[in-house]
J.: 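Can you keep this structure in mind? I'll have questions shortly.
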Amino acid sequence: MKATGIVRRIDDLGRVVIPKGIRRTMHIREGDSLEIFTDRDGQVIFKKYSPIGEMGHLAALYAEALSRACGRPALVFDRDRVVAVAGASKREFLDRDISSVLDELLDARRSYRRESGERAFRPVANADAEAVAVEPILADGDVAGAVCLLASAEHPRPSETDSKLVAVAAVLLGKQMEEG
């Protein structure tokens, strides 16, 4: 555990303010959920909660089915990083941060489908893979993450079926989160 040297007082309602610099570094936004852990030494640890991360096995199954059906790599993201990979190197993508472009797309609650002549974007920070279809995962009215298909040499753009399958996967993951 890394010490920050920052000390905060708890107010009369039991609240403590997490400094802006730490929130920015840890990608903690207003409305995000935090898990609280304690240990025997009296430490209290806050961890950003990822409902999609909690369903990692199910997200991996969806990514695998999507990749097989579409014949190209598929990724599932939470709001911060890649949580499932299929059809591509897990070492290259798993647990990598999302790109700023994908973050903006999710903030705007928008889908993406690469059209002819449109400039592609990279959904994973510091990776060369390009997205061809992205659909936000909505759960209880909030954007919880996204499902993404990546471009392949043979298929630089998604088919109509690819786009619909990405949308279905996103809806199913969102529904699973709402019920689970």
Side-chain angles (χ1 to χ4, degrees), residues 1-63 74-86 88-112 121-129 131 134-148 150 166 169-180:
M1 193 167 11
K2 184 174 146 185
T4 64
I6 300 170
V7 176
R8 291 288 192 253
R9 290 183 186 259
I10 296 177
D11 71 10
D12 59 339
L13 295 176
R15 297 176 297 200
V16 63
V17 174
I18 300 172
K20 187 175 186 175
I22 292 174
R23 291 193 319 263
R24 186 179 311 119
T25 301
M26 302 306 295
H27 306 284
I28 298 171
R29 299 172 187 84
E30 182 179 334
D32 282 350
S33 297
L34 300 175
E35 282 185 282
I36 303 169
F37 298 90
T38 60
D39 69 8
R40 289 190 176 119
D41 297 329
Q43 293 182 12
V44 178
I45 301 161
F46 291 93
K47 180 181 175 196
K48 189 170 177 184
Y49 178 70
S50 169
I52 294 177
E54 292 292 313
M55 354 180 329
H57 179 68
L58 186 60
L61 291 174
Y62 276 106
L75 307 175
V76 177
F77 303 92
D78 65 12
R79 284 302 309 254
D80 297 312
R81 60 189 42 86
V82 179
V83 297
V85 179
S89 166
K90 286 181 177 42
R91 176 175 282 164
E92 183 180 355
F93 294 107
L94 198 59
D95 291 326
R96 299 275 299 271
D97 289 341
I98 67 172
S99 69
S100 59
V101 177
L102 180 57
D103 191 41
E104 290 171 14
L105 190 74
L106 295 179
D107 283 344
R109 305 169 69 95
R110 288 190 23 235
S111 300
Y112 168 81
F121 82 91
R122 295 180 174 145
V124 181
N126 303 315
D128 292 331
V134 177
E135 189 70 33
I137 299 169
L138 302 176
D140 296 320
D142 294 324
V143 176
V147 177
C148 172
L150 298 177
V166 169
V171 168
L172 288 171
L173 282 167
K175 293 293 182 193
Q176 186 68 39
M177 287 174 25
E178 289 174 348
E179 293 182 13

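The first residue in the sequence is number 1, and the count goes up from there.
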J.: With rounding to the nearest 0.5 angstrom, report the CD to CG distance, Q176 to L58.
T.: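 Separation between the atoms: 5.0 Å.
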J.: With the threshold set at 4.0 Å, does a side-chain nitrogen-carboxylate oxygen contact exist between D107 and R79?
T.: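 Counted as a salt bridge, because a side-chain N and a carboxylate O are separated by less than 4.0 Å.
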J.: Any chance you could lay out the salt bridge (charged side-chain N to carboxylate O under 4.0 Å, His left out) test for R96 and D80, step after step, and finish with the verdict?
T.: CA-CA 8 Å; R96 299 275 299 271; D80 297 312; over 6 Å; no
J.: Is there side-chain contact between V134 and V147, with heavy atoms separated by less than 4.5 Å?
T.: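 Of all side-chain heavy-atom pairs linking V147 with V134, none is under 4.5 Å.
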J.: Can you check side chain to side chain contact (heavy atoms under 4.5 Å, CB included) on L150 and F93, steps first, answer last?
T.: CA-CA 12 Å; L150 298 177; F93 294 107; 4.0 Å; yes
J.: I'd like to check the ring-ring contact (aromatic ring centres under 6.0 Å, His included) partners of F46; sequence neighbours left out, ordered by chain and number.
T.: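 Counting only residues at least two positions away or on another chain, F46 forms no ring-ring contact (aromatic ring centres under 6.0 Å, His included).
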J.: Between F77 and I98, which heavy-atom pair has the shortest distance, and what is it?
T.: CD2-CG2, 3.4 Å
J.: Tell me, do L105 and P123 make a side-chain contact under 4.5 Å, heavy atoms counted?
T.: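 L105 does not reach P123 side chain to side chain.
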J.: Just verifying a value: how many Å separate M55 CE and Y62 OH, rounded to the nearest 0.5 Å?
T.: 7.0 Å
J.: Taking all non-hydrogen atoms of both residues, which atom of S99 and which atom of R122 are closest, and how far apart?
T.: OG-O, 2.7 Å
J.: Can you tell me if N126 has over 12 outside heavy atoms packed within less than 6.0 Å of its CG?
T.: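 12 or below, so no.
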J.: Rounded to the nearest 0.5 Å, how far apart are CZ of F121 and SG of C148?
T.: 6.0 Å
J.: Distance check, rounded to the nearest 0.5 Å: D142 atom CG versus I137 atom CD1?
T.: 13.0 Å
J.: Counting only heavy atoms from other residues, nucleotides and ligands, does the tally under 6.0 Å from CZ of R110 exceed 12?
T.: no
J.: Evaluate V124 against D97 for side chain to side chain contact (heavy atoms under 4.5 Å, CB included), listing each step before the verdict.
T.: CA-CA 6 Å; V124 181; D97 289 341; over 6 Å; no
J.: Between atom CD1 of I6 and atom CD1 of I18, what is the distance when rounded to the nearest 0.5 Å?
T.: 10.5 Å
J.: Closer than 4.0 angstrom, basic N to acidic O: yes or no for K90 and D95?
T.: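 Looking at K90 and D95, the cut-off is not met.
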J.: How close do A63 and A84 get, heavy atom to heavy atom, and via which atoms?
T.: CB-CB, 4.3 Å
J.: Tell me if a side-chain donor or acceptor on D39 pairs with a main-chain N or O of D41 at a distance below 3.5 Å.
T.: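 Yes: the side chain of D39 pairs with the backbone of D41.
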J.: Where the side chain of E178 meets the backbone of D140, is there a donor-acceptor pair that is under 3.5 Å apart?
T.: yes
J.: Taking all heavy atoms of L106 and all of P136, pick out the closest pair and write down the distance.
T.: CD2-CB, 4.1 Å
J.: Locate the shortest heavy-atom distance separating R109 from L138; write the atom from each residue and the value.
T.: NH2-CD2, 3.8 Å
J.: Given V76, which partner from the list V83, V85, L61 fulfils the side chain to side chain contact (heavy atoms under 4.5 Å, CB included) test?
T.: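 Exactly one pass, corresponding to V83.
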J.: Could you pull out all residues at least two apart from R91 that satisfy side chain to side chain donor-acceptor pair (under 3.5 Å)?
T.: none
J.: Please report the interatomic distance CD1(I28) to CD1(I22), rounded to the nearest 0.5 Å.
T.: 8.5 Å
J.: With heavy-atom distances below 4.5 Å as the criterion, would you say the side chains of I45 and T38 are in contact?
T.: no
J.: Considering non-hydrogen atoms only, spot the tightest contact between A59 and L173 and give its length.
T.: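 Smallest heavy-atom distance, with atoms named: CA-CD2, 4.2 Å.
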